[in-house]
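Only one structure is covered here, and it is reproduced in the block below.
The sequence lines fix the lettering, A, B, ..., with proteins before strands; numbering per chain opens at 1. The model shown is predicted, which means the values in this text are computed figures rather than measured ones.
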Amino acid sequence: MSTLTVLYECQGILPVLILSVTGVVILLLDAFSPLGRKGQLGAVAVTGTVCALGTLAMTPSGAEFFSGMVVWDRFSVFLSAVLMAGALLVFLVSFDSLRRSGMECGEYYALVLFATAGMILMVQAAHFIMLFLGLEIFSIAIYILVGMPRHEKRANEAALKYVLLGGFASGFLLYGLTFIYGATGSLSMSIMAAHLGKAEKVFNSYLLFGSALVVAGFAFKLALVPFHLWTPDVYEGAPTPITAYMAVGVKAAVLGALVRTFWVALPTVHPHWSAFFWALAAVTMTVGNLMALAQDSVKRMLAFSSIAHAGYLLVAVVADSKEGLTALLVYLLAYTVMNVGAFGVMVAVQNRQESGERLEDFRGLAGRSPFLAVLMALFLFSLAGIPPTAGFVGKFMVFSAAVQSGYTWLVILAVINSVIAAYYYLRVVIVVYRPAEGASAEGPADGASRLSAGERGALVGAGALTAIVGIWPHVFWDLARQAVHVLF
Amino acid sequence: MAVPVHYYLIVSALLFGIGVLGVLTRRNAIVIFMSIELMLNAGNLSFVAFSKALEGLDGQLFVFFVMVVAAAEVTVGLAIIVTLFRNWKTIFVDEVRLLKG
Amino acid sequence: METAWVIPALPFAGFLINGLWGRRLPKKFVGWIACGAMGLAFLAASRLLWILLQETPTGRFWEPVYYTWIRAGDFQVDVSFLIDPLSMVMILVVTGVGFLIHVYSIGYMHEDPGYPRYFAYLNLFASAMLLLVMANNLLVMFVGWEGVGLCSYLLIGFWYEKQSASDAGKKAFIVNRIGDFGFLLGIFLTFWTFGSLNFREIFEAALVRFPTGDAVVVGITLLLFVGAMGKSAQIPLYVWLPDAMEGPTPVSALIHAATMVTAGVYMVARCSVLYALAPFSMGFVAMIGCTTAVFAASIGLVQNDIKRVLAYSTVSQLGYMFLGCGVGAFVAGIFHLMTHAFFKALLFLGAGSVIHALSGEQDIQRMGGLRSKLPVTFATFVMGSLAIAGIFPFAGFFSKDEILFETLMSGHWVLYGLALGGAGLTAFYMFRLVFLTFFGESRMDPHAAHHVHEAPRTMAVPLMILAALSLTGGWVQIPGIEGGRVFGAFLDPVFHEASQLLGHHGGATHPPLWLEGALMGVSVAVALAGIFLAYGWYMKDPQRPVRAAQKFARAYRWLFHKYYVDEFYQATVVNPLKQAAESTHQWVDRRFIDGAVDGTGSAFRSLSAVVRRIQTGLVHHYALSVLAGACVLLLFVLAL
Amino acid sequence: MESLSFPLLSFLVFLPLVGVLVLLFVDRENEAVQRWTALTVMGFGFVLALFVYGGFDPENVGFQFEEQYAWIPGLGISYHLGVDGISLLLVMLTAFLGPICVLACWTDIRSRLKEFLVCLLLLQTGMLGVFVSLDLVLFYVFWEVMLIPMALLILIWGHPARRVYAAVKFFLYTMAGSVFMLVGILVLYFYQARTTGTLSFDLTNIAEVPLPFSLQLWLFLAFGVAFAIKVPMFPFHTWLPDAHTEAPTVGSVVLAAVLLKMGTYGFLRFNLPLFPEASVFFMPVMIALALVGIIYGAFMCLVQKDLKRLIAFSSVSHLGFVILGIFSFTVQGVQGGVLQMINHGLSTGALFLLVGMLYERRHTRMIADFGGLSTPVPALTTFFMIATLASIGLPGLNGFVGEFLILLGTFHVKPVWAVLGATGVILAAWYMLWMVQRVFYGRVVHEENRGLLDLAPREIGLLVPVVVMMVWIGVAPTTFLEKSEPAVAHTLRRVQESVQTAQGRNAPWAMACAAWDHLTGK
């Protein structure tokens with residue numbers, strides 16, 4: 001292959017390339033820069049991600065690259081944009097928390113970049129090998145990130161659990177892929193689709209058996225209920241910015257892959273699955289919300305709330321229509337923004353006080369810094385799905401798609417769940433706005449000034465996006481619609 | 001006379017079963033890792049079997065990637081187990097249960 | 001005629017001025033404004049009367065319409081007045097007696113700190129009463145109806161420091177509200193049957209559409225009568241009037257004797273056509289009137305508070321008015337209403353000056369021998385008593401006698417007998433009051449006795465005027481002689497349709513003269529007997545009532561405690577309602593509904609506590625759950 | 001319906017938001033500037049509302065001052081505002097009470113004044129938005145937006161005792177109801193999309209689509225639950241006393257005067273026109289609940305020890321009247337209901353303002369702590385007396401006109417309902433006058449009451465406009481009634497037509513027809 005074609009091929013995976021190169025550069029810089037001045041590494045990471053985001057502006061050709069391995073269409077552009085936005089916010093949020101917890105090292109940024117690259121690959125994958133590779137790249141990167149604070153017992157435990165169970169689930173996924181390969185004769189999605197299209201029901205038992213195991217693998221990564229037990233422990237153990245990143249990035253990537261496998265690769269299979277997804281969504285939402293009710297640590301509560309949101313996302317998948325997938329994408333965007341925002345506020349609180357995970361640490365926050373309190377309230381109300389916020393728009397679109405496809409009862413269950421969710425989100429808001437007994441209600445009003453540049457950027461950015469998606473959702477709705485158009 | 005495909009499949013299924021049982025029963029983190037490797041290799045075996053049955057190279061190609069991934073995963077896993085041991089002084093999984101509830 | 005709105009507007013202006021700036025104006029000025037407003041209203045009323053008299057008898061009615069009050073769909077009510085002989089009589093009574101009582105109040109309430117507030121409320125009452133009387137449709141009348149109810153609440157509870165006063169005010173308002181509840185339902189029924197609330201339209205439609213005794217008309221009349229029972233304190237709803245004596249005495253005179261309580265009688269008279277169409281209601285009104293008359297008179301016998309005796313006498317006299325209307329003699333009823341306004345106001349004001357003189361003492365057992373000390377009050381009080389007892393030249397004789405006569409003529413033998421007995425009782429308790437208060441040796445405690453003083457001029461003059469009216473009031477309606485029925489002639493056109501329906505054409509055919517003379521003799525004899533009996537019991541042998549009380553101890557106790565009606569209501573209505581409210585609050589609101597709400601909350605909480613236990617923290621369990629999930633998936637796939 | 005070049009309604013709705021933005025830049029210390037900005041914004045809002053009132057032509061039955069811009073065209077959601085006879089009066093009430101509320105909390109709120117005013121202005125936007133939005137989703141957004149500031153008002157500035165419980169209960173109760181409405185909106189939207197092919201949440205389009213009877217039942221219940229909780233009707237009322245008692249003065253004024261009206265407005269705007277047959281089918285149930293609400297509310301008032309809880313329960317009773325009026329399906333009844341919404345806003349608003357003033361002086365709400373207040377504070381007593389008389393429906397004041405029309409309309413349908421409803425009038429007199437007696441009359445028992453200072457000029461200036469409005473509606477109600485009459489008559493005619501056409505259509509319909517024949521037969 002002449003260099004020209006290589007260059008042409010690279011155009012398909014440009015963002016992945018940029019991110020990886022930035023990662024490598026950061027590692028090199030890290031090796032040479034003295035201990036004190038690690039700050040600019042974060043800046044380099046941010047610039048790298050911004051450039052990658054820039055490349056998305058070019059209109060994707062929708063062609064396949066590297067002989068069918070990777071496809072660069074609107075769908076992958078939208079999801080990559082969401083992933084990179086998430087990564088960007090995580091970088092901004094984690095500047096101060098790294099300095100505070102002494103993890104000031106280049107590897108952190110490099111690993112997050114590599115993980116993001118892996119996720120984008122997975123979303124772009126048009127071939128199951130690439131899908132599996134992307135999955136493993138970001139999983140392994142995140143295993144390390146979770147275990148990054150070596151001297152913390154909880155982080156070690158979290159990392160161990162994540163590694164063991166992650167590997168276990170990948171085993172299932174792989175085993176499932178073998179059977180799908182066996183049934184369809186190829187691992188490339190387009191060929192599979194063609195094969196299934198014309199072949200009559202051959203090896204269908206292998207096909208269904210394989211798809212079942214693949215669903216199990218994906219369900220583990222998405223933390224759907226029977227497979228979700230690892231999530232709270234790992235989220236609680238990991239450093240907060242990483243928890244934010246995991247909660248947001250992994251979901252987007254795996255859902256992208258799920259949609260591709262079932263809508264592009266195995267079109268005939270997924271109608272059978274909607275009944276099961278229906279049950280999975282219902283159980284995930286309910287258990288996620290119920291577990292969150294009983295938590296007294298905000299971090300663990302947000303972990304369970306992310307499980308519940310996985311349930312809402314699954315409702316969009318159940319809807320199994322063009323509107324459903326559009327709603328899925330918009331919801332992913334909204335969820336990314338508000339979730340990272342909420343975790344960002346937690347990080348900001350942690351930077352101010354020695355601990356920011358327990359509910360008690362938030363008591364009287366409004367007195368100490370009203371700016372953080374307002375943002376926290378905005379993110380929590382958005383997570384609860386109260387209008388003019390992104391959360392409401394996401395939920396509204398998902399529910400309307402589900403009702404359109406006739407799953408009214410699932411929507412009613414989802415709606416009741418969001419009332420339960422509203423309770424524990426409101427509980428946090430109450431604690432934030434209740435003056436701490438004893439402490440004077442009128443604490444030193446510091447406003448945004450004491451927040452560091454990074455934190456302020458991240459939180460204001462996330463807050464603005466939450467409001468914008470909430471008030472003018474049409475722009476994002478159109479983008480999502482075109483993105484989904486590609487799949488049908 | 002080629003060995004029919006489903007013989008291999010049965011062997012790989014057995015391997016996979018042993019791997020899963022290993023993960024469920026053993027208390028030592030390292031042994032759990034080995035069982036995970038076992039499961040992955042069961043996958044490899046069935047891939048090769050299918051690839052031969054379908055005379056396609058995709059399967060075998062996949063095997064290489066799986067091996068690479070397995071290797072990467074083991075290194076990271078062992079690193080984590082080492083750090084865990086340094087703090088917890090144990091690698092028995094059932095003793096490591098600080099995070100719960 | 002167009003400026004009829006001036007009459008209610010003047011007192012209302014008085015209310016506004018005194019209400020808003022009363023405290024800042026000098027006391028004298030406040031008094032002048034209030035009395036001036038009433039006086040001017042009276043002059044305007046008499047001017048209106050003068051214009052009315054110019055008209056031919058049948059054409060004597062005007063209906064000035066001012067503006068549309070409420071319009072919703074086909075329901076429309078205008079604020080408009082109806083000036084006809086009936087309302088003219090009422091306006092004159094209200095403004096005339098009202099003016100006298102205002103003048104009297106200047107003296108009576110002089111030292112009271114709430115002086116401007118008192119006059120403001122009194123003026124507001126006058127304007128509300130005038131609105132009631134001049135209303136051209138049931139709804140505007142209802143506005144006046146509740147307006148006077150409000151003023152009676154404010155005035156009864158005027159001395160709001162006194163717990164009993166504010167209780168009495170609240171009781172008056174709520175009992176009135178129960179009556180108004182019936183009145184309101186009557187209004188609804190009227191509107192949905194006749195499509196309008198205007199008196200003339202209702203009567204014309206009723207005459208055309210409904211045969212006598214039609215169920216709907218009976219319904220309407222009975223419901224309206226419930227309102228009248230509440231307002232005019234008849235049998236079931238009279239309990240508030242005796243307690244209303246907590247208010248200042250001029251208030252009792254104006255509101256609870258002369259004007260407000262007669263609103264019910266006026267309403268029945270105004271709807272005479274409807275009542276004529278419903279003989280059953282007429283009978284019911286008569287029966288209620290008569291029983292109330294006798295019932296209240298019997299209680300009046302044993303009361304010791306001077307104002308309570310007069311209150312029960314008012315209830316009894318109102319019974320007579322309703323009896324009059326009930327037997328079809330609307331003219332007699334209204335005539336008795338007018339004369340009763342004169343002598344009952346006189347009696348109350350007289351009692352007021354007695355109380356004023358004894359600086360607050362109201363119990364007649366601690367009075368006596370005031371004849372020499374309060375000559376003017378004594379003279380006027382006796383004239384009032386003679387009038388109410390129905391002795392010949394006085395107004396009471398003519399009006400009560402006509403009612404008795406009409407009751408007999410319309411064939412109600414039993415009611416006539418009872419009414420006659422009632423008249424006797426009235427004479428007895430009135431003169432018991434007179435003898436105990438003014439005659440015999442003084443039982444006053446020495447401290448109050450030595451500075452008893454005669455009422456000042458502002459109080460004495462109204463007494464004298466009212467005494468004169470009590471004497472001459474009856475002469476406008478002398479039966480038997482030609483042209484004697486001046487008052488009857490004036491009112492006949494109003495009740496023309498009603499009397500035609502009832503068959504007898506307005507007293508035109510005179511029963512034989514001797515019968516009328518004989519009946520007059522009988523009623524005077526009964527009255528005189530009552531007086532001598534009272535003389536016998538309380539003057540000649542003061543110990544006799546004490547002995548009688550011991551002999552008929554039980555009967556005395558029942559009478560003295562007003563047949564325990566108040567306690568009965570308290571036990572059967574008020575307390576059970578309160579108890580029901582308390583229990584529903586505890587059970588339904590607290591435990592049942594709130595319980596359910598908080599219950600669901602805590603149910604979710606406990607459910608989450610259970611679900612939480614799955615999170616054991618052991619990797620094995622997590623791996624097991626992953627495997628379990630995968631197995632469920634496989635089962636699902638097999639099931640496909 | 002001419003659509004003005006000048007978007008008057010959008011200005012009216014979003015003016016308070018401008019106030020919020022201005023407030024953000026005012027620094028926290030000088031509270032005077034904050035108060036005056038809020039007051040001017042609210043005052044200007046009222047002036048705008050007067051423009052709307054002036055320009056409103058009652059004869060034209062359709063929506064006026066309409067504005068329609070695409071919001072999410074993909075899903076058929078448009079930013080569609082408009083006002084008609086029914087919503088005009090409620091918009092005026094909200095705008096009228098805006099400045100009064102700001103004035104009322106002049107000295108009352110000490111801590112975090114800026115956030116308080118921001119919440120108040122957000123609330124104002126939410127409420128105005130609800131009354132003028134004609135797009136189902138826009139209506140739902142404003143409906144929920146109004147939830148957060150109100151919950152925060154109770155939570156942060158409420159009385160410390162049970163404010164958290166009250167705020168949470170209020171928030172979850174209302175959200176639980178409105179969430180079912182969301183499902184209802186979606187089902188309605190997709191049914192309409194399937195039958196007519198056009199995607200639109202617009203009220204006017206959806207109103208044209210005749211719905212099958214069974215679907216109407218479900219949707220009536222879905223919408224009905226949300227509105228019944230908001231009214232509040234009998235079984236769903238337990239959040240009201242807690243929310244009212246624990247809220248700060250201004251909070252309870254706004255809660256009572258406007259927030260409760262959203263439920264009844266919702267019934268009138270959505271349930272009646274969109275689901276006519278179901279509305280008639282549920283008439284007996286709704287009337288029964290209304291009557292129970294009236295009598296039950298009155299009973300509860302008899303035993304309350306806390307002044308604010310008593311007034312809160314009286315609101316339950318008054319709004320039971322409004323529901324009675326609306327579901328009598330007679331022009332008089334519905335007109336009475338619409339007017340009673342305004343009356344209740346004025347009289348209960350005034351009562352809460354006065355109780356707030358009492359609380360500012362005595363820092364207690366228990367009736368037992370008062371007694372004989374008439375001597376130390378006569379002005380407050382007179383105003384309280386006027387407000388009480390208005391609320392128990394004394395003729396000549398506003399309460400009577402509304403209650404009379406409601407009972408008149410209900411009597412036409414079934415006299416026994418009117419009789420039961422009218423008992424509410426007696427009970428109202430009982431518990432209100434008993435309360436007035438315990439608080440204002442009798443001798444001054446507690447020493448603290450002796451030294452109370454009477455109303456300040458600010459407070460009088462606050463109450464006079466409310467009293468003037470009470471007397472105006474009492475004496476000349478036609479000025480307001482004729483504004484809403486055409487719209488009410490139009491809605492009822494629509495209900496009647498669709499009931500007529502539906503009669504032949506499906507079997508389970510017999511009950512509803514019987515109810516309707518009975519109605520029109522009289």
(request) Begin from the C-alpha positions of Phe234(D) and Val588(C) and carry the test side-chain contact (heavy atoms from CB on, under 4.5 Å) through to its verdict. (result) CA-CA 11 Å; Phe234(D) 168 66; Val588(C) 175; 4.1 Å; yes
Proximity breakdown for [X] and chain D, heavy-atom pairs closer than 4.5 Å:
X         : value
Ile178(C) : both
Val79(C)  : neither
Leu189(C) : both
Val574(C) : both
Asp598(C) : side chain
Phe75(C)  : both
Tyr67(C)  : side chain
Val597(C) : side chain

Once rounded to the nearest 0.5 Å, what's the spacing between atom [atom1] of [X] and atom [atom2] of [Y]?
X         : Y         : atom1 : atom2 : result
Lys170(C) : Arg438(D) : NZ    : CZ    : 9.0 Å
Gln335(D) : Ile70(C)  : CD    : CD1   : 11.0 Å
Leu394(D) : Glu146(C) : CG    : CD    : 6.0 Å

Heavy-atom pairs under 4.5 Å with chain C: which of [options] has the most?
options                                    : value
Leu408(D), Val331(D), Thr238(D)            : Leu408(D)
Arg443(D), Glu485(D), Glu482(D)            : Glu485(D)
Asp242(D), Val168(D), Ile392(D), Val488(D) : Ile392(D)

If you define the side chain from C-beta out and look only at heavy atoms, does anything of [X] sit under 4.5 Å from [Y]?
X         : Y         : answer
Ile593(C) : His237(D) : yes
Trp434(D) : Ile174(C) : no
Arg71(C)  : Leu481(D) : no
His585(C) : Gln304(D) : yes
Leu302(D) : Glu582(C) : no

(message) I want to know whether Phe142(C) and Phe400(D) have ring centres closer than 6.0 Å.
(response) yes
(message) For Glu161(C) and Thr375(D): C-alpha separation, side-chain torsions, deciding distance, then whether side-chain contact (heavy atoms from CB on, under 4.5 Å) applies.
(response) CA-CA 9 Å; Glu161(C) 270 91 15; Thr375(D) 11; 3.4 Å; yes
Using non-hydrogen atoms and a 4.5 Å limit, figure out which bit of [X] sits close to chain C: side chain, backbone, both or neither.
X         : value
Phe236(D) : neither
Ser484(D) : neither
Thr382(D) : neither
Leu433(D) : both
Val436(D) : side chain
Pro235(D) : backbone
Ala489(D) : neither
Leu407(D) : both

Flag yes if more than 12 heavy atoms outside [X] fall under 6.0 Å of its [atom1] atom; otherwise flag no.
X         : atom1 : value
Tyr165(D) : OH    : yes
Arg209(C) : CZ    : yes
Phe12(C)  : CZ    : no

Shortest non-hydrogen contact between [X] and [Y], atoms and distance:
X         : Y         : answer
Ser166(C) : Tyr441(D) : CB-CB, 4.0 Å
Phe173(C) : Ala429(D) : CE2-CB, 3.9 Å
Val475(D) : Trp69(C)  : O-CD1, 2.9 Å
Arg177(C) : Gly393(D) : NH2-O, 3.0 Å

(message) Just so I understand: if I count every heavy-atom pair under 4.5 Å between each of Phe592(C), Trp145(C), Tyr153(C), Phe181(C) and chain D, which residue has the most?
(response) Phe181(C)
(request) Please work out whether the ring planes of Phe188(C) and Phe404(D) are parallel, tilted or perpendicular, with thresholds of 30° and 60°. (result)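 Tilted: the ring planes of Phe188(C) and Phe404(D) meet at 30° to 60°.
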